[in-house]
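These notes concern the structure reproduced below.
In this text, all values refer to a predicted model and were calculated from it rather than measured experimentally. As a basis for the values below, the full set of heavy atoms in this structure was taken, side chains included, without hydrogen atoms, waters or symmetry mates. One-based numbering along the sequence shown.
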Amino acid sequence: MDSPEPFPGTDIEPLPGTGRAAGRRPVRCRLCGRPLTGTDSRRTGLGPACDAKLHPAAPDIRTRRHDVEQDPLPGI
């Protein structure tokens, strides 16, 4: 008697574009519709460019500082 197959139906090849060979299911950006490949992008549903448009980085306070020319204080 032959040994039973461990999983019935495993000899059937998956359809093209499905199964483990295809990888993860395609996820598209909610704003522009482009396919997302990065883990963080797939988690948020936004690509890096669209995420930057919706959530701009906070301004760096060091870049806003500048020297101001002023008259010297009297008595110094």
Side-chain angles (χ1 to χ4, degrees):
M1 184 166 149
D2 294 351
S3 62
E5 225 178 279
F7 300 105
T10 55
D11 59 337
I12 300 172
E13 293 184 24
L15 295 173
T18 62
R20 293 185 186 256
R24 297 177 278 188
R25 63 184 175 98
V27 176
R28 298 200 171 267
C29 177
R30 291 182 286 153
L31 197 60
C32 68
R34 291 183 181 145
L36 300 175
T37 56
T39 304
D40 291 335
S41 296
R42 291 171 60 88
R43 187 179 309 124
T44 61
L46 293 171
C50 294
D51 189 36
K53 289 177 190 175
L54 292 177
H55 305 106
D60 188 11
I61 194 166
R62 291 174 288 184
T63 60
R64 294 189 299 172
R65 292 183 181 170
H66 58 279
D67 292 329
V68 178
E69 291 191 28
Q70 61 185 15
D71 296 330
L73 295 173
I76 296 182

Quiz item: Taking all non-hydrogen atoms of both residues, which atom of C29 and which atom of G47 are closest, and how far apart?
Solution: SG-N, 3.5 Å

Self-check item: Heavy-atom closest contact (T37 atom, R42 atom, distance)
Solution: O-CD, 3.8 Å

Quiz item: Can you check whether D40's main-chain N or O pairs, donor with acceptor, with T44's side chain at less than 3.5 Å?
Solution: yes

Quiz item: Sequence neighbours excluded, which residues qualify as salt bridge (charged side-chain N to carboxylate O under 4.0 Å, His left out) partners of D71?
Solution: none

Self-check item: Heavy-atom pair of closest approach, residues H55 and L46
Solution: CE1-CD1, 4.4 Å

Quiz prompt | Shortest non-hydrogen contact between R28 and G33, atoms and distance | solution = NH1-O, 3.0 Å

